[in-house]
Structures are given as structure tokens and as C-alpha cells.
Amino acid sequence: MTDLHSHLRARLLTAVTELGLPRAEAESLVRLDPPKNRDHGDVALGTFQLAKLAGKAPPALAAELAAKITADAIVESASAAGPFVNFRFRRGALAREVLSAIQGDLAPYGKARSNGQIVCIDFSSPNIAKPFHIGHMRSTVIGNSLCRIHRHQGATVHGINHLGDWGMPFAKMMTAYMRWGNEQELHKSPMRYMFDLYKRYGVEVKQNPALDDEAAAHFRALESGADNQERRMWRLLRDESLKAFQGPYTRLGVTFDHVTGESFFEDKMEAAMQRVTASSVLEDSDGAQVVWLKELGIKEPCLLRKSDGTTLYHTRDLAAAFYREQQFHPTRILYVVGAEQKLHFDQLKGVLTKMQEPIAKAVEHVPFGLVLSKTEDGKWEKFASRAGNAVFLDEILDESVAKVRSIIREKNPDLPNADEVAEQIGVSAIVFNDLKNSRIKDVKFDWDAMLNFDGETGPYVQFACARLSSILRKVGTQVPSVDAIDCDVLADAERVLLVMMDFGTAVQRAAEQSEPSHVTAHTIALAGEIHSYLRDHYVVGQEAKVRDARLVLVDAARRLLTTGLSLLGIKAPERM
RNA sequence: GCGCCCGUAGCUCAGCUGGAUAGAGCGGCGGUCUCCGAAGCCGCAGGUCAGAGGUUCGAAUCCUCUCGGGCGCGCCA
């Protein structure tokens, strides 16, 4: 909430109290929202609940409140419109408040001071020994954005890559490698090679189901802790995978505070199991050890130990939860994992709840939809390349970058660092597209739409930044301080200023709901408003008073767009 | 079979937790660069918010059912 809002709210609470309403109850009912149609005013108050409390008709109360809020240095007008009261801030006050906070890098536009939250974000978490493909991208970019958003909000963030480097998929990979692989081939192109082996396993296991038993035996050998052949192979394949993942991570600008894969919890699982046993929620079922969660409305039991004594995904997540609790004391643990794993996380939370572990409250699954691609006949299906196989992320990024490169050649042939810029914009276009809609929605990945950089896209927002930077360069003079300009001149920029004012709400909602798309939407809205504004409002060649005021506005817009994009993990180029 | 998610313009989506005349982008049509970037801007066309009941002063939003689509349901992760 900005100072403008606080001021108005304080006046409203006084007015409401004077009308005889209990302040404590009115407190939560005085909610200032942006009106659906901004022509009505800058902020609006719906009086429905307040009227009920007062025992009056909403329009009557609205009229009374409007009369009580007389104009002052900040509020220009209050007018009743049926059951609503619409407020307008003085344009000068609006401009001064918003622009000085942006210029001063103050919250919510700049990074907030500590808010006391400690947030663990478990994201990306690819399975090693498999290529980094399009399916891994969503968790990676959503999680990365959430890390940035929470840091901006003042939380202490632990971004964790919970690598899938343990368990049966890995054992299958190992089996394939032992049967058909060799190290020379592996080193030539590790990911391709491992992926081919993995695919071969999938084919051959259909003919020879005994392969799965072989894999299970290898996993037992690995989990025995002995320094055996399996252990050495695990180390080799894990190292190669990690090296290969570094490519996509660097391109996406993603870093982690901790890379603690499932294997990290190898020696912590027995303690975790003992803790479960001690809480007496563990039961035997067909030789396996499970926790029943029927009383929590979950029919399927949570398996924590297989009948052959080895552990499962759940066991490792449980050990991880205990570890994080003890190590970080998190207020929230966000698991950025596909929606298809909802049951898994319901069970994880369920087991912790049944054990009466306080950390249970912190566990939050952050689900997201699938990446789909368009088939020949216009239907949507799980992403596959044009050739029909899983698609490596690098291929997609490369195609996007190449497209950007050709656009630059056409539109801006003299751009000095064209390759670098093309990489920035091409990758951003893919990331932005992923963060544009509610995360629960499937991402419909249509090359034609994807490589069209018009409208609500990453390049559109980046273009606004480049355009603003260009204006600042052309003007050449230093951007003045907000205190040194006449803010009343910016009355014509009210639409831009009002959108800027919404930034804090957008980021806050993004953090609370784990929904980066609120930030994405804000950058689009701001870019749109500033583009429209610039059409009729020049900066260069204006008299000093007007030029300086607009200069501050342009600079603030560029800063805020840059901040918004950075919360998405996207860079804003100076030129493009 | 049971559970969860989704259904809003030709297409892809918003809709701020129940409020004012349901908004964008793409695609289509028509304008707009010898003045700060046309990857832009301005305008036009396009809607039974899947359907039916219900709650409410008020429903795209909450509840029930139906119909479509997707995902998940013991020794995989």
C-alpha cells in the first residue's frame, strides 16, 4: 500500500468512526480497490458490507462518506456513484509519490527490508542421466522467478535444486550403460548418448522384462553404501549430467543456493524413518511400510519403504523436509513441481500432519500445467519435436535466438553486439511465454505464435525498455531529482502513473499465490501505457520544465520495467 | 470406478478472492513513420462467460448436477 492509500484509508476510518461505526470491525471493511473502469476514479470503495454494519442502504452510506472526505493536499475528490465511492488523487501528489519512490528505489518498487519470512523453494530438480528438455523448463523458470520475487519482498530465500539423482530411473540408466555403453562414446556427447541408452532400455525392456529386476538389483547395490561398481558409475553419470545442465541454466540465468539431490539424503533416510516409526504412524502393508491417511481424506497410502527394503521418492522428500526444517527453519517450503504430482505432495504433507510435525504447515505444492505442442491436425498434445521425440531445451532456445537474430539483421543492422542481444531476447521470449499465463494452465507451445514477437510478449516489453533507454540517451542530460521538477506537469501521464502504482500489489499477489504471471501482466500493462503516452508526449525539444518532468517519468518507467523483468529472470537490453 | 484441475471472442488468455457497461493480445479489416525506436500507436468487427438448477440486493466468480478436455490413483520419480 502506498502513502496515498494509507492517507486516504486513515481519513476514511476517521469518517466511518464519526458515523458511529465500530472502528475495529470497519478496519477490515475499508478496502480500496482499483475500479473496474479507471474513468470512475483512481481507487474505489464498495460500501456493501459497511452499509450492512451501519444498518443503512449502501448508496446512502456512500453519499455520506463522499461528503465527509473533502479535498486536501492529496485527495482531489470523492464522489458517490450508487453504492461506490470513487476517489481521485491530486495529479501532482500522485506523480510525486510514485516517482520519488521509484527513483529512490524504495519498496515496493525497490527491494524491501526483511519481512521475516524464510522461504525454501524446491525447483527445477531434473532427473540426471536424462537430457534437459522442454518439460524441465517450467519448474526452472517459475521457481527462479519465485526466488527473485520473494527476495524482492524481503524474504530470506533458499533456492534448492532437488536433483533426481537416486532411485529406479537412474538404476535403469545404469543398467543400460553397463549392458550397451562405453565411456569413450559417453564423453563425446554425454546427454545425447545417455538419452539414446535410456530410450534403448525402454524398447528392450518390453522384450525382456527381466531388465527391471536387473535395475532393481543395481539400485540395491547402490543403496547398500558400498564403494562398488554401481557407486562409481553413479558418480560418473551424475557428474556428466551436472556439467550438461549447466548450459541451459546459464542461458536461462538460473542459479541455485543449494544443489542437494536425492542422493544427498542417502544417509539421512534411516533417521527420518526412525522418526516416522517413533510417531507410530507407520504400518506394514503387503511387506511394504506405509502411512495411511484416510482420516485426512486421502485414500491412497503413502509408501515409505518397499518390501525389498529400499527407499522411495516419498522417503527422500520426507528426509529433505526434516533436513530443511533443521537447517533453514523455513516459514514456507514451495515445491515447484508439475500438477500431475499433486497426490504425492498431498501425501507428503499428510504424513507430516499425521506425525504432528509443525513443518507440515510450511509445505506447499506449487503445481503447474504441461507444455503442449500443436499437432498437424491442430490438436494439443505433450510436447514433441517435429520429428516426434522429446525436445532438448537448447534446440528451442537456439531456434528462438536465430529468429531474433534475423529480425535484428532486418530492423537494426548496425547494432554492435547483435549476437549477445539476440541471445538475450530470444531466450527471454521463451521464458516470458512460460510465465505469461496462470501457471496451472498448460503452456501451448505453438512455434508460429512463439516466434511472433508482436503484442504481449517478452520482446514487446524489452522493446519498451530499449525505446525508453534511447530517449534518455538522446536527451543526454542527467535525470533530475523528483524534488526538482514540477509534478503538476505530469497530470497528462495519469494512466502511466496509476499502472505504476499497482506494481506493489502485483508483486505481493505473485508472492502470496506463487504466481509470477501477476508480475508479467504488470510489465505488459506498463509497457503499453508508456508506449501510448510517448505517442503524443515528446521529451526531446520540450521547454525545460516539461522536458525535466517527462524525463523523470521515462526514467522511472524504464527502471520499473527493468525491475519487473528482473523478477521474471529476464534482462532488459539498452538497444535491440 | 474414485479424486483433482481446466472450460470466457475464430485462436491464446486476463478478469485483483461476490460488485459498476465482461477486458487484452494474436489473426482479420482500416488508418499511422522526411520529430525522441513502426518489435510501436490509433480505430473497426468479434461474447447465451460449456449447459441446467440453486444461494444472494448482486454470480464469469460460491454450491449441486450434467456435458466436454486433461491429469492422477502401492512397492517409478
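These numbers were taken from a predicted model, which means no experiment stands behind them. Per chain, numbering begins at 1; letters A, B, ... match sequence-line order.
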(message) From C-beta outward on A:His531, which listed nucleotide comes closest to its side chain: B:rC42, B:rC73, B:rG40?
(response) B:rG40
(request) Can you figure out which of B:rG27, B:rA38, B:rC35 approaches the side chain of A:Arg467 most closely? (result) B:rA38
(request) Rounded to whole angstrom, note down the C1' distance from B:rU32 over to B:rA38. (result) 9 Å
(message) Using Watson-Crick or G-U wobble geometry with both distances under 3.5 Å, which nucleotide pairs with B:rG1?
(response) B:rC73
(request) Could you tell me whether A:Glu364 and A:Lys349 have a side-chain N and a carboxylate O separated by less than 4.0 Å? (result) no
(request) May I ask you to evaluate whether A:Arg535 reaches the phosphate of B:rC36, defined as a side-chain N or O under 4.0 Å from OP1 or OP2? (result) no
(request) Before accepting this row, confirm whether a basic side-chain N of the pair A:Arg38/A:Asp502 lies closer than 4.0 Å to the acidic partner's carboxylate O. (result) yes
(request) Would you please confirm or rule out a distance under 4.0 Å between OP1 or OP2 of B:rC73 and any side-chain N or O of A:Lys342? (result) no
(request) Would you classify A:Ile440 as touching base, sugar-phosphate or nothing, given that sugar-phosphate means primed atoms plus P, OP1 and OP2, and contacts are heavy atoms under 4.0 Å? (result) sugar-phosphate
(request) Using a 4.0 Å heavy-atom cut-off across all strands, classify A:Leu551 as base, sugar-phosphate, or nothing. (result) nothing
(request) Look at all strands and tell whether A:Arg509 reaches a base, only sugar-phosphate, or nothing, counting heavy atoms closer than 4.0 Å. (result) base
(request) Anything under 30° is parallel, anything over 60° is perpendicular, the rest tilted; go ahead and classify A:His344 against A:His314. (result) parallel
(request) Classify the nucleic acid contact of A:Pro301 as base, sugar-phosphate or nothing, counting any heavy atom under 4.0 Å across all strands shown. (result) base
(message) Is the phosphate of B:rC6 approached by A:Lys441 (side-chain N or O, under 4.0 Å from OP1 or OP2)?
(response) no
(request) Take atom NE2 of A:His518 and atom P of B:rC13, then tell me their distance rounded to the nearest Å. (result) 16 Å
(message) In this structure, how many angstroms lie between the C1' atom of B:rG68 and the NZ atom of A:Lys379, rounded?
(response) 13 Å
(request) Mind checking A:Arg547 for me? I need base, sugar-phosphate or nothing, with any heavy atom below 4.0 Å counting as a touch. (result) nothing
(request) Cation-pi check, A:Lys268 to A:Phe264: give yes when NZ or CZ is under 6.0 Å from the six-membered ring centre and within 45° of the ring axis, no otherwise. (result) yes
(request) Determine the interatomic distance between C1' on B:rG25 and the same-named atom on B:rG40; round to the nearest Å. (result) 14 Å
(message) Applying a 4.0 Å non-hydrogen cut-off, can you work out what A:Ser285 is touching in the nucleic acid: base, sugar-phosphate, or nothing?
(response) base
(message) Taking the C1' atom in each of B:rC5 and B:rC42, what is the distance between them to the nearest angstrom?
(response) 40 Å
(message) By nearest atom, which of the nucleotides B:rC71, B:rC76, B:rC35 is closest to the A:Glu340 side chain?
(response) B:rC71
(request) Kindly say if A:Asn452 contacts the phosphate of B:rG27, meaning a side-chain N or O under 4.0 Å from OP1 or OP2. (result) yes
(message) For B:rC75 and A:Thr310 - does any side-chain N or O of the residue sit under 4.0 Å from the phosphate oxygens OP1/OP2?
(response) no
(message) Heavy atoms from C-beta onward define the side chain here; which of B:rC26, B:rC76, B:rG37 lies closest to that of A:Lys474?
(response) B:rG37
(request) Classify the nucleic acid contact of A:Pro35 as base, sugar-phosphate or nothing, counting any heavy atom under 4.0 Å across all strands shown. (result) base
(request) State plainly whether the residues A:Asp414 and A:Arg409 are in salt-bridge range, i.e. N to O under 4.0 Å. (result) no
(request) Please state how far atom NZ in A:Lys299 lies from atom P in B:rC2, giving the value in whole angstrom units. (result) 8 Å
(request) Answer yes or no as to whether B:rG40 has its base stacked against A:Tyr460, where stacking requires a ring-centre separation under 5.5 angstrom and planes under 30 degrees apart. (result) no
(message) Whether A:Lys436 contacts B:rA14 is assessed here as follows: a side-chain N or O lying under 4.0 Å from the phosphate OP1 or OP2. Is that the case?
(response) no
(message) Given B:rC13, B:rC75, B:rG72, identify the nucleotide with an atom nearest to the side chain of A:Asn437.
(response) B:rC13
(message) Could you check whether the side chain of A:Asn86 and the base of B:rA20 have a donor-acceptor pair of N or O atoms closer than 3.5 Å, going by distance alone?
(response) yes
(request) Could you check whether A:Ala506 gets within reach of a base, just the sugar-phosphate, or nothing at all, counting any heavy atom under 4.0 Å? (result) nothing
(message) Between P on B:rC16 and CD on A:Gln508, what's the gap in Å once rounded to a whole number?
(response) 16 Å
(request) Look at all strands and tell whether A:Ser470 reaches a base, only sugar-phosphate, or nothing, counting heavy atoms closer than 4.0 Å. (result) base
(message) Tell me the interatomic distance from A:Phe463, atom CZ, to B:rA39, atom P, rounded to whole angstroms.
(response) 5 Å
(request) Calculate the interatomic distance between A:Lys374 atom NZ and B:rG27 atom P; express it in whole Å. (result) 13 Å
(message) Stacking between B:rC76 and A:Tyr313, yes or no? Criterion: centroid separation under 5.5 angstrom, plane angle under 30 degrees.
(response) no
(message) Work out how far the C1' atom of B:rC29 is from that of B:rG10, and round it to whole angstrom.
(response) 15 Å
(request) Write down the distance separating the C1' atoms in B:rA22 and B:rA59, rounded off to the nearest Å. (result) 12 Å
(message) Does A:Ala466 reach a base, just sugar-phosphate, or nothing at all? Heavy atoms under 4.0 Å.
(response) base
(request) Identify the nucleotide, in any strand shown, that forms a Watson-Crick or G-U wobble pair with B:rG25, with both distances under 3.5 Å; if there is none, say none. (result) B:rC11
(request) Remember a base hit wins even if backbone is also touched, and classify A:His314 as base, sugar-phosphate or nothing at under 4.0 Å, heavy atoms. (result) nothing
(message) I want to check one thing: is the phosphate of B:rU12, taken as OP1 and OP2, less than 4.0 Å away from some side-chain N or O of A:Trp380?
(response) yes
(request) Fit a plane to each ring of A:Phe345 and A:Tyr335, take the angle between them on a 0 to 90° scale, and name the class: parallel (under 30°), tilted (30 to 60°) or perpendicular (over 60°). (result) tilted
(request) Using the C1' atoms only, state how far B:rC13 lies from B:rA60, rounded to an integer number of Å. (result) 14 Å
(request) Pick base, sugar-phosphate or nothing for A:Arg316, based on heavy-atom distances below 4.0 Å to the nucleic acid. (result) sugar-phosphate
(request) Taking all non-hydrogen atoms of both residues into account, name the closest pair between A:Ser145 and A:Pro516 and its distance. (result) OG-CB, 3.4 Å
(message) For a quick check of understanding: with a heavy-atom distance under 4.0 Å over all strands, which category does A:Glu262 fall into, base, sugar-phosphate or nothing?
(response) sugar-phosphate
(message) Nearest to the side chain of A:Leu303, heavy atoms from C-beta on, is which of B:rC26, B:rC75, B:rC73?
(response) B:rC75
(message) Strictly below 4.0 Å: does A:Lys444 bring a side-chain N or O up to OP1 or OP2 of B:rC13?
(response) yes
(message) Heavy atoms from C-beta onward define the side chain here; which of B:rC6, B:rC41, B:rG37 lies closest to that of A:Met576?
(response) B:rG37
(request) Round to the nearest Å and state the distance from A:Glu300 atom CD to B:rC71 atom C1'. (result) 13 Å
(request) Before accepting this row, confirm whether a basic side-chain N of the pair A:Arg405/A:Glu410 lies closer than 4.0 Å to the acidic partner's carboxylate O. (result) no
(message) Measuring only the P atom in each nucleotide, how far is B:rU56 from B:rG74? A whole number of Å is fine.
(response) 43 Å
(request) For B:rC35 versus B:rG27, give the span between their C1' atoms, rounded off to a whole number of Å. (result) 32 Å
(request) Check every strand shown and say whether A:Gly541 touches a base, only sugar-phosphate, or nothing at a heavy-atom separation below 4.0 Å. (result) nothing
(message) Side chain of A:Glu456, heavy atoms from C-beta onward: which of B:rG25, B:rA39, B:rC75 has the nearest atom to it?
(response) B:rG25
(request) Taking only Lys NZ, Arg NE, NH1 and NH2, and the carboxylate oxygens of Asp or Glu, determine whether A:Asp442 and A:Lys444 approach each other closer than 4.0 Å. (result) no
(request) Figure out the CD1/P separation between A:Ile524 and B:rA24, and round it to whole Å. (result) 14 Å
(request) Please determine if A:Arg305 and A:Glu270 form a salt bridge, counting it only when a charged side-chain N lies under 4.0 Å from a carboxylate O. (result) yes
